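Worksheet: the structure to be examined is printed underneath.
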Amino acid sequence: MTDISTELNKFMRGLRKRNPYETEFQQAVEEVVQSVLPITLDHREYRDAGILERMTEPDRIIIFRVTWEDDEGNFRANRAWRVQFNHAIGPYKGGLRFHPSVDQSILKFLGFEQTFKNSLTGLPMGGAKGGSNFNPKGRSDNEVMRFCHSLMSEMHRHIGEQVDIPAGDIGVGDREISYLFGQYMRLENRWAGVLTGKGCAFGGSAVRTEATGYGAVYFCEEMLNEAGEKLKGKRLAISGSGNVALYAAQKAMQEGARVVTLSDSDGTAFITDGLTEDQWEFVRELKEERRGRIAEFAEKFDAVEFKEGEKPWGVECDIAMPCATQNELELEHARELHKNGAIAVCEGANMPTTPEASAFFRDGKVLFAPGKAVNAGGVAVSGLERSQNAMNLSWSREKVDEKLCGIMKEIHGKCVEEGRTDGGEIDYVNGANIAGFKKVADALLGYGAV
Ligand code: NDP
Ligand code: 2IT
C-alpha cells in the first residue's frame with residue numbers, strides 16, 4: 001500500500017518549489033490534497049490524468065496596474081489581479097478583494113478554495129478570485145469610484161457573463177460593485193449580468209447581501225442537529241463586523257442564539273448579555289453606511305465592552321464563527337475555546353483557522369466545519385442572481401431564501417456522505433474537500449488533455 005504521508009510530502013515539495021513564498025496558497029492546497037490523496041491513489045485514472053497537478057495550477061492569472069487620481073490630484077498606482085483558477089464545471093466565478101494585504105498568494109488560495117466551494121453548491125460555476133492591494137479605508141467615495149473605474153477599464157476585456165463573473169469580498173460591497181458595473185456598461189455598451197451582488201434596482205438578487213451570513217447559520221444548524229444539538233439558546237462568538245459577520249449575527253439572533261462578540265481589526269466588542277436587535281441595527285448602520293469602527297459600538301452601549309487588540313476567542317461561548325479573514329484563529333485560541341466549553345466552530349470567512357488549530361478541532365475535540373462549505377451561501381445566491389439575469393426576471397426574497405436554505409442543507413448532506421469516518425463521526429473538512437473535488441476531477445477526466 002502506498003503511504004499517504006510520503007505521497008503528500010512528495011506532492012507538496014513539488015508544489016512549494018513551483019510556488020515559492022506563496023504560503024497561503026500552499027496551506028490551502030495541502031489541506032485539500034491531504035483529504036483527496038486516498039482517492040487519487042485508489043483510482044489510477046486520476047493519477048494517469050495528472051488531476052491533482054492540473055487542479056492546483058490556475059488556468060491563468062491576469063496581473064495589471066491600476067492608475068487613479070486621489071482627491072489631492074496625485075496619481076497613484078496599485079496592482080490588481082484576476083486569478084482564473086478553474087472553469088471545468090462552469091464560467092469562472094468568485095469575488096474581488098480590496099485590502100492592503102492582497103497579493104498573489106492570497107488570491108491563488110482564494111481562487112483554489114472557490115473552485116471546490118462552487119462545485120459543492122451544485123451550480124455550474126468554476127473558481128476564480130481577484131482584487132487589489134488598494135486600501136479603501138479612509139478614501140472618499142470619489143477616490144473609490146475613480147479606482148473602480150480604472151480597474152474595470154482593464155478587467156472588462158477578461159470577464160463576461162459566460163466567461164468570468166466577479167462579485168464582492170473584503171472591501172468590495174454594494175458601492176464598489178455599482179462603480180464597477182457602471183464602468184463595464186460604459187465600455188461595452190450593453191447590459192450584461194457580468195457581476196453579482198448588484199443593487200436590486202439593476203439586476204441584483206434579493207438576499208445576496210445576507211446570503212453568506214444566513215447560509216453559514218443554516219449550515220451551523222444542520223451540523224448541530226446532526227450531532228443531536230440545537231442552535232437555540234447557544235452563545236455564539238463572531239469575529240468581524242462586515243458583510244458576513246453582520247448577517248450571520250442577524251440570522252443567529254432570529255434563530256434564538258445569543259451573539260456575544262463582534263470585532264474589527266482594532267479589537268473586539270464583548271456583549272455579555274447577547275446582541276439585541278437595536279444594537280444590531282446600530283452596528284449595521286455604523287459599518288455599512290458610516291464605515292465606522294467597532295469601538296464606537298461599545299462607546300454607545302453600557303452593556304458592551306471594547307477590548308483593543310483582542311480577538312473574540314477568549315470568551316465563554318458554545319459556538320465560534322470566525323467571519324473576518326484568513327488565519328485569524330490560531331492554536332492557542334482553539335485551546336482556549338475548547339477549555340471554555342465550545343462545541344462547534346463554523347468558518348464564515350475563507351480559511352480563518354490555522355492548520356494547527358484546525359487539526360486540534362478535528363482531533364475529535366470540537367465539531368469543525370470549513371469555510372468552503374459553511375460560507376458557500378454567498379456564491380450560491382450569486383449563482384441564482386446569474387440565473388435570474390439570464391431569464392430576465394427576479395425572484396422574491398422568500399423564494400431565494402428558501403433556495404439558499406435548500407442548497408446549504410444539500411452541502412451539509414454531501415459533507416456527511418463523504419466525510420463519515422470508520423468510527424461514525426463526520427470529518428467536515430474531508431467531506432467538503434472530497435465532494436467538491438470529485439465533480440471537478442471527473443469533468444477534467446472527460447475533457448482529456450486540457
Ligand atoms: P467585509 O469587508 O465586509 O468585512 C471584513 C471584516 O473583517 C471587517 O470587520 C474587517 O475589519 C475584518 N478584517 C478584514 N481583514 C482583517 C484583518 N487582516 N485582521 C482583522 N480583521 C480583519 O468582508 P466580508 O464580510 O465580505 O468577508 C469576510 C470574510 O468572509 C472573508 O474571508 C471573505 O473572503 C469571506 N467571504 C465573503 C463572502 C461574501 O459574500 N462577502 C462570501 C464567502 C466568504 P476592518 O474593517 O477593521 O478591516
Ligand atoms: O468567497 C466567496 O465565496 C465570495 N466572496 C463570494 C463570491 C461570489 O461570486 O459571490
Side-chain angles (χ1 to χ4, degrees), residues 24 90-102 106-107 109-118 120-121 123 125-131 135-138 159 164-177 194-198 204-205 207-216 238-249 262-269 283-284 286-288 291-295 297 309-312 321-329 347-353 370-386:
E24 292 86 359
Y92 302 111
K93 181 88 198 81
L96 295 170
R97 178 179 290 193
F98 294 170
H99 194 273
S101 64
V102 164
I106 287 180
L107 295 178
F109 115 65
L110 289 163
F112 177 75
E113 291 271 298
Q114 197 81 44
T115 306
F116 293 81
K117 183 194 305 191
N118 293 3
L120 280 173
T121 65
L123 300 170
M125 301 183 290
K129 204 81 185 193
N135 185 1
K137 241 176 244 162
I159 63 176
D164 184 355
I165 308 102
D169 194 79
I170 291 176
V172 178
D174 284 0
R175 174 182 63 172
E176 291 74 19
I177 293 291
V194 74
L195 294 168
T196 59
K198 301 184 290 297
S205 175
V207 195
R208 176 61 189 89
T209 305
E210 299 89 339
T212 311
Y214 280 17
I238 296 181
S239 67
S241 47
N243 175 267
V244 181
L246 271 176
Y247 292 95
L262 288 170
S263 72
D264 63 19
S265 56
D266 293 341
T268 298
V283 181
R284 189 204 63 75
L286 171 73
K287 287 290 174 180
E288 281 187 353
R291 301 174 195 279
R293 311 304 303 158
I294 202 72
F297 167 48
E310 236 176 73
K311 296 194 174 179
M321 206 178 261
C323 296
T325 194
Q326 62 277 350
N327 292 326
E328 56 166 313
L329 198 164
E347 294 189 330
N350 286 309
M351 207 170 76
T353 311
K372 59 172 81 70
V374 177
N375 70 36
V379 76
V381 173
S382 276
L384 300 179
E385 181 168 327
R386 237 190 114 225

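Start at 1 and go down the list; that is how both ligands and their atoms are numbered. On a predicted model such as this, the values are computed, not experimentally measured, just so you know.
Judged by the shortest distance from any of its heavy atoms, Arg293 lies inside the 4.0 Å radius around the atoms of ligand 1. Distances from ligand 1 to the non-hydrogen atoms of Gln326 include no value under 4.0 Å. Residue contact check for ligand 1: Ser101 places no non-hydrogen atom closer than 4.0 Å to it.
In terms of polar-atom proximity, Leu110 is not counted as a contact of ligand 1, lacking any N or O under 3.5 Å from an N or O of the ligand. For ligand 2, none of its N or O atoms has an N or O atom of Pro166 under 3.5 Å away. Note: no N/O pair closer than 3.5 Å links Lys129 and ligand 1 by distance alone. The N/O atoms of Asn375, backbone and side chain alike, include none that comes under 3.5 Å of an N/O atom in ligand 2. For ligand 1, the polar-atom distance check against Asn375 finds no nitrogen or oxygen pair separated by under 3.5 Å. Close N/O approach between Asp266 and ligand 1 is not found [any backbone or side-chain N/O within under 3.5 Å]. In terms of polar-atom proximity, Asp264 is not counted as a contact of ligand 1, lacking any N or O under 3.5 Å from an N or O of the ligand. An N or O contact shorter than 3.5 Å is missing between Lys117 and ligand 1 by distance.
Contact atoms of ligand 1 toward Ser263: 9 (O) (distance under 4.0 Å to a heavy atom of the residue). Set against the non-hydrogen atoms of Arg97, the atoms of ligand 1 under 4.0 Å away are 31 (C), 32 (O), 33 (C), 34 (O). Those atoms of ligand 1 that come under 4.0 Å of a heavy atom in His99, given as number and element, are 15 (N). Those atoms of ligand 1 with a heavy atom of Ser241 less than 4.0 angstrom away are 9 (O). The Gly240 neighbourhood of ligand 1 comprises atoms 9 (O), with distances under 4.0 Å to a heavy atom of that residue. Taking every heavy atom of Gly348 and a limit of under 4.0 angstrom, the matching atoms of ligand 1 come to 30 (O), 44 (C).
Residue Arg208 touches ligand 2 through its side chain alone, judged by heavy-atom distances below 4.0 Å. Contact annotation for Asn350 and ligand 2: only side-chain heavy atoms (C-beta onward) come within less than 4.0 Å of the ligand. Using a 4.0 Å cut-off between heavy atoms, Cys323 contacts ligand 1 through its backbone alone, with no side-chain atom that close.
Among Leu195, Ile177, Thr196, the one residue that satisfies the side-chain contact (heavy atoms from CB on, under 4.5 Å) test with Pro166 is Leu195. Looking at Met125, Arg386, Glu385 one by one, the single match for side-chain contact (heavy atoms from CB on, under 4.5 Å) with Ile165 turns out to be Arg386.
Distance from atom 41 (N) of ligand 1 to its nearest protein heavy atom, with residue and atom name: Asn243 OD1, 3.6 Å. Closest to atom 17 (C) of ligand 1 among all protein heavy atoms lies Thr325 CG2, 3.5 Å. Scanning the protein heavy atoms around atom 37 (C) of ligand 1, the nearest turns out to be Val244 CG2, 3.4 Å. Among protein heavy atoms, the minimum distance from atom 10 (O) of ligand 2 is reached at Ser382 OG, 2.5 Å. The protein heavy-atom contact nearest to atom 6 (C) of ligand 1 is Gly242 N, 4.0 Å. Ranking protein heavy atoms by distance to atom 3 (O) of ligand 2, first place goes to Lys117 NZ, 2.8 Å.
Between the side chain of Asp264 and the main chain of Ile294, a donor-acceptor pair closer than 3.5 Å is present. A donor-acceptor pair under 3.5 Å is absent between the side-chain atoms of Asp169 and the main chain of Gly95, judged by distance alone. Side-chain atoms of Lys311 come within 3.5 Å of backbone N or O of Glu328 as a donor-acceptor pair. Checked by atom type and distance alone, the side chain of Asn375 pairs as donor or acceptor with a backbone atom of Ala349 at under 3.5 Å. The closest donor-acceptor contact from the side chain of Asn350 to the backbone of Lys372 lies at 3.5 Å or more, if one exists at all. Without hydrogens or angle criteria, Gln114 side chain to Gly127 main chain gives no donor-acceptor distance under 3.5 Å.
Distance remark: protein heavy atom not present below 4.0 angstrom from atom 10 (C) of ligand 1.
Looking at Ile170, Leu246, Thr212 and measuring to atom 43 (C) of ligand 1, the nearest heavy atom belongs to Thr212. Atom 1 (O) of ligand 2 has its nearest heavy-atom neighbour, among Glu113, Arg386, Lys129, in Lys129. Closest to atom 13 (N) of ligand 1 by heavy atom, among Ala324, Gly94, Gly131, is Ala324.
Using a cutoff of 4.0 Å between basic side-chain nitrogens and carboxylate oxygens, Lys117 and Glu113 are not scored as salt-bridged.
Closest non-hydrogen pair, Cys323 versus Ile238, comes out as SG-CG2, 4.2 Å.
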